Structures are given as C-alpha cells and as structure tokens.
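See structure below.
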Amino acid sequence: MMKVGILTSGGDCQSLNAAMYGMVRGLYQNAKDKIEIYGIKEGYTGLIEGKYEKMKETDFEHILKQGGTILGSSRQPFKKINDVYKNGKTKIQCMIENYKKMELNCLVVLGGNGSHKTANLLREKGLNIITLPKTIDNDIYGTDMTFGFSSAIDRATEYMDNLKSTAVSHNRVFIVEVMGNKTGWLTLNAGIATGADVILIPEIPYDVKKVKEHINKKLRENRKGILVAVAEGILTLEESKLSKKDFKEKRAREEISDSAQNLEKQLRGQIEFEVRMSVIGHIQRGGNPSAYDRILASRLGVEGAELILKKQFGYMVAIQDGKIKKCPLQDVAGRKKIINTEDEILRQAEMLGICLGR
Ligand code: F6P
C-alpha cells in the first residue's frame with residue numbers, strides 16, 4: 001500500500017482543487033487498490049499538529065471547477081519553521097514526526113515560494129516530497145506558469161474593465177492596485193488585457209514625473225477614462241534606494257498603506273482631471289478557476305501522480321515551453337521568478353503606448 005499525504009499551503013488560489021483532482025485521479029486510475037490518500041488540514045499547520053483525515057476517491061470527484069481548497073490552507077512562514085512548537089520540539093520536527101506516524105510514503109505540497117523552501121527542507125531531512133506550483137503571483141522559479149495565475153488575470157481584468165467604463169463616463173483617472181507580492185506578472189498581464197494607459201510593476205521603480213507627463217499627454221489628446229494599473233509592491237525611484245527598515249518607517253510616517261494610495265497622493269493636483277484609486281484585493285484569488293487553469297492544474301497534478309507511482313521524489317512538477325517537466329526542489333527553493341527588465345513583453349507593452357514609469 002502506498003500512503004500519500006496532500007496539503008495546500010500559503011495564500012489560496014483558484015485551481016488548487018483542480019490540481020488535487022488531477023493528482024488523485026492519476027493515482028487511482030493507475031493504482032486503485034494500492035493507494036491511500038490522506039488530506040492534511042490547513043497546510044503545514046495540519047502536519048505540525050497532526051490534523052488529517054483519510055480521504056475517499058469520491059471526495060475529489062466534483063472539485064475540478066471549485067474555488068478555494070477543500071483541505072483549507074494557512075501560512076507557516078519559513079523563517080519560523082525552526083521555532084519551538086510544543087514539548088521542546090520545533091515545527092519542522094513535529095512535521096517529520098507526524099509524517100512518520102502517518103506512515104506516509106510521500107507528501108504532496110501545493111504551495112508557493114515559502115512553501116517550497118519548507119518542502120525542500122523536509123526533503124533534505126529525508127522525506128519523500130512532490131510539489132505543485134500554485135500562486136496567483138506566478139513568481140515560482142522553474143515553471144513558466146503557476147496555476148491560479150490565469151484565473152487571477154481574468155479576475156483583475158474584469159474588475160478593471162468595469163472600472164474603465166465608469167472612468168470613461170466621468171472622465172476620471174483611476175489607479176487600480178493589483179496583487180502579486182513583489183512581482184508584477186499579474187499587473188502587467190491584466191494591465192495589457194484591459195488596455196491600461198500606465199502599468200507600474202515592482203521590477204521597475206517608477207519615476208512619478210514620467211507617469212504624470214504621460215497621463216497629462218493622454219488627456220490633452222482627449223483620451224477618456226485613464227487606467228493606471230499598479231502592482232501592490234511598486235516603489236518610486238527614491239523608495240527603491242531605501243533600506244527595508246527606512247522604507248517601512250517612511251510609509252508609516254506618511255500614513256500610506258497601499259501603493260495605489262501613495263501614487264494617488266503623488267498625482268493629486270498634478271493632473272487636470274479627478275484621480276481616484278481602488279484596491280482589487282482578494283477577489284483576485286477567489287471563485288472558480290479559468291478553463292486554462294483547470295487544464296494546467298490537472299496536467300501538473302496527473303504528472304505528479306506519475307512521479308509518485310514511479311517513486312521519483314524530490315521534484316516540483318512544472319510547465320516549461322508548453323511541456324510538463326520535473327524540476328529538482330533544490331533548484332526551486334529560495335529563488336524567485338521576477339520580470340526581467342529586458343523582457344520582450346515590456347518592450348511590447350511600451351510599443352502599445354503603455355507607460356511603465358521609466
Ligand atoms: O501570494 C498570493 C498573495 O495573494 C499575494 O499576491 C499577496 O501579496 C498576498 O498573497 C496576500 O496575502 P494574505 O491573503 O495573507 O493577505
């Protein structure tokens with residue numbers, strides 16, 4: 001009998017369930033009587049605390065299109081993974097102990113960057129690990145795309161499309177803040193999809209003067225309803241030179257909590273029309289996955305099942321150049337995929353007349 005534990009870790013995203021559906025289906029279709037699946041509750045927290053349940057094949061039957069995660073999720077920051085949790089044991093020790101207590105042959109982790117660091121540490125400690133790359137941020141090294149990303153682009157695009165129509169009616173400038181943590185993949189793609197006039201991403205610290213000039217030029221050309229898509233992690237040129245501590249202090253002093261709010265303040269009185277801001281927030285992660293995400297997650301999941309059946313552990317299942325590949329966990333952990341400032345998509349965005357703040 002092969003015992004497989006599954007957990008979903010970190011911020012949720014669309015198609016976590018689809019990935020589990022793909023994985024479980026791949027396992028049962030090909031080794032029905034030799035597989036036992038254990039659903040570990042609320043991410044690594046469940047593994048630390050020993051919260052899990054034996055799952056049935058039918059538990060995964062109709063979840064392909066369902067948002068969220070049927071197992072629940074939580075954040076267990078990697079930097080605290082060696083903190084003492086209970087009875088003098090660290091969190092990582094508790095995880096290993098529970099893995100052994102459950103007599104697992106493999107642990108499947110659906111997670112983002114932080115979760116991959118923990119997964120790799122568990123691998124180094126001798127556990128059999130397979131991971132699947134999830135996040136709306138698309139910032140996991142080793143895969144061209146993460147699942148959740150496509151659905152979040154659709155969600156952010158729809159939101160901005162809706163803002164655009166009211167922006168046009170009122171001749172307003174709308175600053176829209178998109179998620180993405182420290183990377184601009186989501187903002188850039190949703191911004192292009194919605195025909196934004198300005199797109200600001202963390203990889204390119206922005207020059208406020210350039211943004212202002214671009215908007216005023218568009219307004220002089222009679223452009224109606226300007227849309228400025230900004231990633232939550234953007235920095236001005238000046239801010240990009242500050243240490244993390246100084247940056248935090250500056251934002252606290254200025255009572256600024258959002259990047260969009262910061263830009264709105266900088267543009268106030270500098271633009272001929274009214275400037276408004278809006279933060280999209282967690283709806284980007286919620287609801288049913290896009291068809292693309294369902295397919296990608298199913299493919300990654302089923303390929304993960306194949307690796308488990310072949311007893312090939314220590315890999316993240318990735319998509320590279322349209323093909324599903326296995327990527328060693330040690331190559332993924334601790335690295336982030338950011339947008340290269342020379343990337344062709346940035347040049348193409350600029351050729352479309354979009355200002356990137358540079
Ligand atoms: O990593 C996904 C993500 O949605 C980021 O884009 C965002 O910065 C973060 O999670 C928000 O996390 P939380 O839901 O814990 O506030």
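Bear in mind that the values here come from a model prediction, so they are computed numbers and not experimental data. Start at 1 and go down the list; that is how both ligands and their atoms are numbered. Because only heavy atoms are used, hydrogens play no part in the values below, and waters and symmetry mates are left out as well, while side chains stay in.
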Can you tell which part of Ile136 has a heavy atom less than 4.0 Å from ligand 1: side chain, backbone, both or neither?
-> side chain
Less than 3.5 Å apart, which donor and acceptor atoms pair up between the side chains of residues 43-54 and the rest of the protein, not counting sequence neighbours?
unit_1, atom_1, unit_2, atom_2, d
Tyr44, OH, Ser115, O, 2.8
Tyr44, OH, Ala119, N, 3.3
Thr45, OG1, Ser74, OG, 2.7
Thr45, OG1, Gln76, NE2, 3.0
Glu49, OE1, Lys51, NZ, 3.4
Glu49, OE2, Tyr85, OH, 3.1
Lys51, NZ, Glu42, OE1, 3.4
Glu53, OE2, Lys41, NZ, 2.6

Cut-off 3.5 Å, side chains only: do Glu36 and Tyr38 have a donor facing an acceptor?
-> yes
Return yes if a side-chain donor-acceptor contact under 3.5 Å exists between Tyr292 and Ser151, otherwise no.
-> no
State the atoms of ligand 1, each with its element, that fall below the 4.0 Å cut-off from a heavy-atom position in Gly180.
-> 6 (O)
Can you tell me if Glu274 and Asn171 form a side-chain donor-acceptor pair at under 3.5 Å?
-> no
At a 4.0 Å threshold, what atoms of ligand 1 neighbour a non-hydrogen atom of His282?
-> 13 (P), 14 (O), 16 (O)
Flag the pair Glu303 and Lys326 as a salt bridge only when some basic side-chain nitrogen lies within less than 4.0 angstrom of an acidic carboxylate oxygen.
-> no
Where is the nearest protein heavy atom to atom 12 (O) of ligand 1: which residue, which atom, and how far?
-> Arg75 NH2, 2.8 Å
Only pairs under 3.5 Å count here: list side-chain donor-acceptor contacts from residues 222-229, not counting sequence neighbours, and write none if there are none.
unit_1, atom_1, unit_2, atom_2, d
Arg223, NE, Asp197, OD1, 2.6
Arg223, NH2, Asp197, OD1, 2.8

Per-atom filter on ligand 1: closer than 4.0 angstrom to a heavy atom of Glu232 are 5 (C), 6 (O), 7 (C), 8 (O)
among protein heavy atoms, the one nearest atom 6 (O) of ligand 1 is Asp137 OD1, 2.7 Å
Atom 4 (O) of ligand 1: nearest protein contact (heavy atom, Å) = Arg285 NH1, 2.9 Å
